[in-house]
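The basis for the numbers below is simple: all heavy atoms, side chains too, and nothing from hydrogens, waters or symmetry mates. All values derive from a computational prediction rather than experimental measurement.
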Amino acid sequence: MSGNQPGVHASRTAPHGGPELVLDIERVLHVSARQAIRAAFRFTPESPLAVSAEFLIEGGPRVLWRIGRDLLHQGLYSMSGLGDVQMWPSNLEERATAWLQLTSGDMAALFELPVAPLAQWLEYTYELVPAGHELAGVDWDVATADLFPAREAQSD
């Protein structure tokens, strides 16, 4: 990250009870221009398929994205994602940083993230909810109740 690697700002348990990781990252504006950004990654065990990523620009708006946890994890080591969210390591040999590209409509943003703290944090989320067990606690009757409206008894 352009010589300035602020890295981890804080790692803690968020008010909702899940782990939170706050990183100082950079948004790539141009080949020679970057913008410091604070990114807060939050994981909620009750909704384990996605991670909330809030991007905070000093003096600017907060932007919230929901990104697949598996996409983030895979993107640390190889190309991951299609469409609006893509992630890949910046250098396959060193793997010190990864690129995260977010696209919405005709807008796109490219961020450089430090791999080590994000990888460690993601591993912790997999300890809380292991891969393949994300849907184990879903009550499918409740989740699908609105999909199939109850039929009223027909009278003859």
**Asked** Looking at CD of Glu112 and CG of Leu23, how far apart are the two atoms once the value is rounded to the nearest 0.5 Å?
**Response** 12.0 Å

**Fill in**
Shortest non-hydrogen pair, Ala39 vs Ile25, comes out as CB-CD1, 3.8 Å

**Asked** Rounded to the nearest 0.5 Å, how far does CG of Leu110 lie from CZ of Arg34?
**Response** 8.0 Å

**Request:** Kindly work out whether a path of hydrophobic side-chain contacts (I/L/V/M/F/W/Y, heavy atoms less than 4.5 Å apart) joins Ile57 to Leu64.
**Result:** no

**Request:** Evaluate whether atom CD of Glu58 has more than 12 neighbouring non-hydrogen atoms of other residues, nucleotides or ligands under 6.0 angstrom away.
**Result:** no

**Asked** Nearest 0.5 Å, what's the CZ-CZ distance between Arg38 and Arg62?
**Response** 10.5 Å

**Request:** Show the numbers, then the answer: is there a side chain to side chain contact (heavy atoms under 4.5 Å, CB included) between Leu21 and Leu118?
**Result:** CA-CA 8 Å; Leu21 174 69; Leu118 187 54; 4.0 Å; yes

**Item:** Flag, side chain of Thr97 to backbone of Pro114, donor-acceptor distance under 3.5 Å
**Value:** no

**Prompt:** Do any N or O atoms from the side chain of Ser80 and from the backbone of Leu71 form a donor-acceptor pair under 3.5 angstrom?
**Reply:** yes

**Prompt:** Given the rule that I, L, V, M, F, W and Y join up when any side-chain heavy atoms are under 4.5 Å apart, are Val63 and Leu72 in one cluster?
**Reply:** yes

**Request:** Write down the atom of Ser90, the atom of Trp99, and the distance for their closest heavy-atom approach.
**Result:** CB-NE1, 3.2 Å

**Message:** If hydrophobic residues (ILVMFWY) are linked whenever their side-chain heavy atoms come closer than 4.5 Å, directly or via other members, who joins Val31 in its cluster?
**Reply:** none

**Criterion side chain to side chain contact (heavy atoms under 4.5 Å, CB included) on Ile67 and Leu100, from CA distance to verdict** = CA-CA 11 Å; Ile67 302 171; Leu100 174 64; 4.2 Å; yes

**Prompt:** Considering residues at least two apart in sequence or located in another chain, which fulfil the salt bridge (charged side-chain N to carboxylate O under 4.0 Å, His left out) criterion with Arg27?
**Reply:** none

**Message:** I'd like to know whether CD of Gln120 has more than 12 heavy-atom contacts from other residues, nucleotides or ligands below 6.0 angstrom.
**Reply:** no

**Asked** Minimum heavy-atom separation for Gly75 to Ala98, with atom names?
**Response** O-CB, 4.1 Å

**Item:** Derivation of the side chain to side chain contact (heavy atoms under 4.5 Å, CB included) call for Met79 and Gln86
**Value:** CA-CA 7 Å; Met79 182 66 188; Gln86 296 181 24; 3.2 Å; yes

**Complete:** OG1 (Thr125) and CZ (Arg42) are apart, to the nearest 0.5 Å, by 15.0 Å

**Asked** Measuring from Gln74:CD to Arg69:CZ, what's the distance to the nearest 0.5 Å?
**Response** 14.0 Å

**Asked** Are Val129 and Phe43 close enough, and set up right, to give a side chain to side chain contact (heavy atoms under 4.5 Å, CB included), and what steps lead you there?
**Response** CA-CA 10 Å; Val129 180; Phe43 176 76; 4.1 Å; yes

**In one Ile/Leu/Val/Met/Phe/Trp/Tyr side-chain cluster, 4.5 Å: Val115, Leu113** = yes

**Inter-residue atom distance Asp84.CG - Gln101.CD, 0.5 Å rounding** = 10.0 Å

**Cluster link Tyr126 to Trp121, ILVMFWY, side chain under 4.5 Å** = no

**Stepwise ring-ring contact (aromatic ring centres under 6.0 Å, His included) check, Phe55 with Phe111** = CA-CA 10 Å; Phe55 299 92; Phe111 302 96; 4.6 Å; yes

**Prompt:** Can you hop from Trp65 to Phe41 via hydrophobic side chains spaced under 4.5 Å?
**Reply:** yes

**Prompt:** Closest approach of Leu76 and Met87, non-hydrogen atoms and distance?
**Reply:** CD2-CE, 3.5 Å

